[in-house]
Amino acid sequence: MVENNRWGNIFAHLVLILGVAIVVFPVYVAIIASTHPPGTFVRGVMPLWPGTNAWENYTTVITEGRSRAGTPPIGGMMWNSFIMAMAITIGKLSISIISAFAIVYFRFPFRIFFFWIIFLTLMLPVEVRIVPTFQVVADLGMLNSFAGLSIPLIASATATFLFRQFFMTVPEELMEAARVDGAGPMKFFKDILLPLSITNIAALFVIMFIYGWNQYLWPLLITTDPDYYTIVMGIQRMVTGGDSEPLWHLVMATVVLAALPPVLVILFMQRLFVKGLTETEK
Amino acid sequence: MQTKRMTFSSQWLPYALLAPQVIITLIFFIWPSYQALLQSVYRQGDAFGIRPPTFVWFQNFQTLLADPLYLNSLRVTAIFSVGTTILSMGVALLFAVMVNRMIRSRDSYTTFMVWPYAIAPAIAGVLWWFIFNPTLGILPYILDMVGYDWNHRRSGNDAMIMVIIASAWKQISYNFLFFLAGLQSIPHSLIEAAAIDGASRMKRFWTIVFPLLSPITFFLMVINIVYAMFDTFGVIHATTEGGPSQATNILVYKVYRDGFVNLNIGSSAAQSVILMSIVIILTVIQFRYIERRVNY
């Protein structure tokens, strides 16, 4: 900084501490609420200090769920979410990297045309074409299946662009050398391009995993069988289904568990996350 | 569009490599969008097949644009998107400017700021819904002490404020990261030169830092509007469900309700087409902006 202003710095710290408090507050409240017995929420204003019922609440949601309101145990829903998120992530990464490879390293008729088809997916998010997409998936018999949960979401223009951008910066000499040594396109892809792209793949992996885990509208539409419920949409069932007032202690325990995996991913891979985020959107 | 100077030659390989992506795009993106276009100009046949679907030109659109509920939804969406964008970007810019002053504590503050990105919109909605719960929430309790009777179940304004706060809260981390990156790319010499010329801290911010941030600000504005219009379905659906009395019925939620709950396919398709046009306009704006930035 240009000048060192003691009071200015203290003020900045105060603003930031307040900011962190605002950012953390909702989750703090959720964690606190998930440790109280049900009676607490009948008596009026919610408490701000931890209660004593944490163990019971968490074991209840993990093993039993709320069968009365039609929500299965959390364990199963978390597993479904995990499979869906992984399928979406791996699917997106693999089909994007090979299409980017085709677009950059080959010259063939209709190349630009294909590029534009892929580009179009950016303009058609699932939210704007809900009914017809649902009909297509229903006609293909993909309702209530992991294929239906993941495949319609794995086309990705952003990942394709990012890989294309990256491939353009790979030195030409690498490919010339590979060709001189007699390597075919797939061998070049596997032995040279893929190892070079590892950091990009990892950064995108973090972003896509969070995207997949947090899917809401799509699972809501195509799963009617509780065996395929994912946890993020399951929370909505817990809030609205059953009794008039939600069982807050159980809802909040579920919220904490649902938010945990993606939050952990961000905290432990913060550098990759920042890289992935700033590069995919540019 | 350029490729490498030297390329591999194969008759079929590039097509095979593109096939998975293109097939999925055709089946799950292009075809449904085409269907939406088609449905938007037809009146549905009845369920028994006695009356076939009829071609009605733009009647669905005319009905829609004359429908006070749809006009209300447009207005609600505008207020919601602008509110979410301004709140989230304003707060994020303040935090980024403050964090940028720090040297040792920068990384720890950043860690605390970024993780809400991982929270799904639906979960963010439920969290704030709980905090604002009229009987047991902490904020209505505090508001009650200053004499405000908070009730988002009855008051449309209260409900709107709640969903804006929930949506903006989740988006702070994203804006924060981009503003911080933007601030760090501003050359230090510019700020020092201004300081030597006697410009105060506030003056330096408004005459140097803020104008240099304007490309990022514009980019974030587009991203945030897209976020508020399309990604916040979960916030609405898990909490207010469009109510009370249509006060938070944003366009994306209305398409879903009219298509799946009220089963009005023609109207829902017409709404889809309008939404698609909005996304296309926003995407084009975003890409023009990127081209411009690359050029300077």
Side-chain angles (χ1 to χ4, degrees), chain A residues 1-2 12 15-16 19-20 23 26 29-30 41 44-46 95 98-99 101-102 104-108 112 114 117-118 120-125 127-133 136 152 154-155 172 175-176 185 210 214 216-217 232 235-236 239 248 255 258-259 262-263 266-267 270 274 277-278, chain B residues 1 3-8 10 13-14 17-18 20-22 24-25 27-29 31-33 35-36 95 98-99 101 109 111-120 122-123 126-128 131 136 138 141 177 181 191-192 195 230 233-234 238 252 255-256 259 265 268 272 275-276 279-280 283:
Chain A
M1 265 292 124
V2 183
V15 170
L16 284 173
V20 169
V23 168
V29 167
F41 301 98
V45 179
M46 57 187 247
I95 68 170
I98 57 175
S99 4
F101 176 58
V104 175
Y105 282 95
F106 290 89
R107 204 169 284 144
F108 53 95
I112 310 276
F114 285 123
I117 286 195
I118 295 170
L120 274 179
T121 57
L122 263 190
M123 300 182 173
L124 307 167
E127 284 81 1
V128 309
R129 51 185 169 83
I130 301 173
V131 179
T133 314
V136 168
I154 68 178
E172 303 255 350
M175 182 191 163
E176 285 162 22
I210 294 168
N214 287 345
Y216 181 77
L217 173 60
V232 176
I235 287 170
Q236 191 266 340
V239 173
W248 286 112
V255 161
V263 168
I266 286 200
L267 290 182
Q270 197 180 330
V274 173
L277 198 64
T278 45
Chain B
M1 201 183 68
T3 40
K4 296 281 182 183
R5 244 183 308 130
M6 210 174 145
T7 50
F8 289 110
S10 166
L13 190 58
L17 290 171
L18 279 169
Q21 174 102 300
V22 169
I24 288 173
T25 307
I27 297 179
F28 297 108
F29 286 76
W31 174 251
S33 311
Q35 287 292 315
F95 292 167
M98 294 301 172
V99 166
R101 294 169 58 120
Y109 279 126
T111 305
F112 273 111
M113 293 286 174
V114 295
W115 61 266
Y117 180 84
I119 310 265
I123 295 183
V126 171
L127 286 174
W128 286 96
I131 291 171
L136 51 87
I138 187 83
Y141 180 74
L177 277 176
I191 295 167
E192 272 165 19
F230 302 105
F233 174 86
V252 182
V255 174
Y256 162 82
I265 305 294
S268 173
S272 288
L275 278 177
M276 278 188 240
V279 191
I280 289 173
T283 316

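All figures in this text were calculated on a predicted structure; none of them were measured in a lab.
- Considering all non-hydrogen atoms of both residues, Ala122(B) and Val232(A) come closest at CB-CG1, 4.3 Å.
- Taking all atoms of both residues into account, the shortest heavy-atom contact from Trp248(A) to Leu136(B) is CD1-CD2, 4.0 Å.
- Comparing Ala30(A), Pro132(A), Ala258(A) by heavy-atom pairs within less than 4.5 Å of chain B, the highest count is held by Pro132(A).
- The two residues Ala259(A) and Ile119(B) have their closest heavy-atom pair at CB-CD1, 3.8 Å.
- If you measure heavy-atom distances from Thr283(B) to chain A, the contacts under 4.5 Å come from the side chain alone.
- For chain A, the option among Pro116(B), Ala181(B), Ser33(B) with the highest count of heavy-atom pairs below 4.5 Å is Ser33(B).
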Practice item. Output, in order, the C-alpha distance, side-chain angles, deciding distance and verdict of side chain to side chain contact (heavy atoms under 4.5 Å, CB included) for Leu127(B) and Val29(A). Key: CA-CA 8 Å; Leu127(B) 286 174; Val29(A) 167; over 6 Å; no
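- Of the atoms belonging to Ile98(A), heavy atoms from both backbone and side chain fall under 4.5 Å from chain B.
- The distance from atom CZ of Phe28(B) to atom CD1 of Ile154(A), rounded to the nearest 0.5 Å, is 9.0 Å.
- Each of Ile210(A), Val23(A), Val131(A) has some count of heavy-atom pairs under 4.5 Å with chain B, and the biggest count is that of Val23(A).
- What you find for Ile130(A) and Val252(B) is that their closest heavy atoms are CD1-O, 4.5 Å.
- Contact count against chain A (heavy-atom pairs under 4.5 Å) is highest for Phe8(B) among Trp31(B), Phe8(B), Trp128(B).
- In this structure, the portion of Leu13(B) lying under 4.5 Å from any heavy atom of chain A is its side chain and not its backbone.
- Between Pro14(B) and Ala102(A), the shortest heavy-atom distance links the atoms O-CB, 3.7 Å.
- In terms of heavy atoms, Asn214(A) sits closest to Tyr117(B) at ND2-O, 4.5 Å.
- In this structure, the separation between CG on Leu18(B) and CD1 on Ile95(A) is 10.5 Å, given to the nearest 0.5 Å.
- How far CE of Met113(B) is from CG of Leu16(A): 5.5 Å, rounded to the nearest 0.5 Å.
- Looking at Phe29(B), the atoms closer than 4.5 Å to chain A (heavy atoms on both sides) sit in the backbone and in the side chain alike.
- Between chain B and the residues Gly19(A), Ser99(A), Pro26(A), the most heavy-atom pairs under 4.5 angstrom are made by Pro26(A).
- Residue contact with chain A, scored on non-hydrogen atoms closer than 4.5 Å, involves the side chain of Leu177(B) exclusively.
- Once rounded to the nearest 0.5 Å, the distance linking CG of Leu17(B) with CZ of Phe108(A) reads 8.5 Å.
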